[in-house]
2 protein chains.
Amino acid sequence: MPVPLYQAKADFFRTLGHPVRIRVLELLRDGPRPVRELLNEIEVEASNLSQQLAVLRRTGLVSAVREGGSVVYSLATPDIVDLLAAARRILTDMITGQGELLAELQAEAAE
Amino acid sequence: MPVPLYQAKADFFRTLGHPVRIRVLELLRDGPRPVRELLNEIEVEASNLSQQLAVLRRTGLVSAVREGGSVVYSLATPDIVDLLAAARRILTDMITGQGELLAELQAEAAE
DNA sequence: TCGCAATATGAAAAATTCTTCAATTCAACA
DNA sequence: TGTTGAATTGAAGAATTTTTCATATTGCGA
């Protein structure tokens, strides 16, 4: 397998490797949301959120449309939901038996 | 959802966000391998590979056992295969129609 | 026991990513 | 037109991650 593909995959995962960006994706799982609402749920400054949204946009994981005075974000593809689920499965495995985070992960899975 | 969980998820993805580490995981998909073999397939210095293997070990994604003169690595859980597959699906979506990487991704999926 | 091959480790320098802040854009509306 | 609220951008410093190099460790065979 040629080199650039690894790079593309690594870049993709690296994009997910940030707490604010993960939170955005999880919030968007439930449907499109304006920036203002994301900002309500994520404790971070507006400009910082914007930076992270820009990263997600560049990577193509989310798309944004302007609606009147606000900008509404949504997931670019529903497959992202599967990915997050697969990640949770692994995280659960990894933490099982040793973990304070375990209860939280399980609670979330039951949602 | 409390804060540390996002952190754990982000850390997890960040671990995958490195070309050498991705390659290692994909090679291990086909079964356990000694470091020496990984080194044959990945163009990187031995000490660099060791560093990346250490990251994967710390995160718990792989495990290592010593076998005589060599150290054999394997995936900690087969769920990782699902995760990589989900990622490929998304990457395919994202690149479709615009992409030089597309052919490679499809070839790989057909393996 | 010596020496060699295979891996791992620690630490410093190089590179990348994050956060923050000031400045900017754009639409809505008085 | 001017102002205001919503969101983005650019740039600089802070923080984190990668790479590299020198040095260790381990097990094996001479």
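Labels below follow one simple rule: chain letters A, B, ... track the order of the sequence lines, proteins then strands, and each chain is numbered from 1. Heavy-atom basis, side chains included; hydrogens, waters and symmetry copies ignored.
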> Residues two or more places apart in sequence or in another chain: which of them pass salt bridge (charged side-chain N to carboxylate O under 4.0 Å, His left out) with R33(A)?
Replying inline: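 R33(A) satisfies salt bridge (charged side-chain N to carboxylate O under 4.0 Å, His left out) with E37(A), E41(A) once adjacent residues are dropped.
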> Among all residues two or more places apart in sequence or in another chain, which pass the salt bridge (charged side-chain N to carboxylate O under 4.0 Å, His left out) test with D79(A)?
Replying inline: none
> Can you check whether T15(A)'s main-chain N or O pairs, donor with acceptor, with R21(A)'s side chain at less than 3.5 Å?
Replying inline: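 Present.
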>> Has S70(B) got a side-chain atom pairing as donor or acceptor with R66(B)'s backbone, closer than 3.5 angstrom?
In response: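 Judged by distance alone, no pair lies under 3.5 Å.
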Validation row: [X], [Y] side chains within 4.5 angstrom (heavy atoms):
X: L61(B); Y: L75(B); value: no
X: D82(B); Y: D82(A); value: no
X: L83(A); Y: F12(A); value: yes

>> Go nucleotide by nucleotide along DNA chain D from the 5' end; which of L49(A) and G17(B) gets its closest nucleotide reached first?
In response: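 Result of the comparison: L49(A).
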I need the [atom1]-[atom2] distance between [X] and [N], as an integer number of Å.
X: L38(B); N: dA6(C); atom1: CG; atom2: P; answer: 14 Å
X: N48(B); N: dT9(C); atom1: CG; atom2: P; answer: 14 Å
X: R14(A); N: dT16(C); atom1: CZ; atom2: P; answer: 9 Å
X: H18(B); N: dT16(C); atom1: NE2; atom2: C1'; answer: 11 Å
X: F13(B); N: dT17(C); atom1: CZ; atom2: C1'; answer: 18 Å

> How would you list, by chain and number, every residue that makes a side-chain hydrogen bond (donor to acceptor under 3.5 Å, both in side chains) with T77(A), sequence neighbours excluded?
Replying inline: D93(B)
> What nucleic acid atoms does S70(B) come within less than 4.0 Å of, heavy atoms only: base, sugar-phosphate, or nothing?
Replying inline: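 Answer is sugar-phosphate: S70(B) comes under 4.0 Å of backbone atoms only.
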> Any ion pair linking R88(A) and E26(A) (charged N to carboxylate O, less than 4.0 Å)?
Replying inline: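 No, this pair does not count.
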>> Tell me the closest heavy-atom pair linking P32(B) and V72(B), and the distance in Å.
In response: CB-CG1, 3.7 Å
For nucleotides 25-30 of chain C, list the nitrogen or oxygen atoms of the protein found under 3.5 Å from its nitrogen or oxygen atoms, one pair per line.
none

> So which nucleotide from dT17(C), dC18(C), dA8(C) ends up closest to the side chain of V71(B)?
Replying inline: dA8(C)
> Earliest and latest nucleotide of DNA chain D, 5' to 3', sitting under 4.0 Å from a non-hydrogen atom of chain A?
Replying inline: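 From 5' to 3', the first and last contacting nucleotides are dA6(D) to dA11(D).
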>> Applying side-chain contact (heavy atoms from CB on, under 4.5 Å) to Y6(A) and V20(B), what does each step give before you reach the verdict?
In response: CA-CA 8 Å; Y6(A) 293 121; V20(B) 170; over 6 Å; no
> Which residues within residues 50-64 of chain A lie with some heavy atom under 4.0 Å of an atom in DNA chain D?
Replying inline: S50(A), Q51(A), L53(A), R57(A)
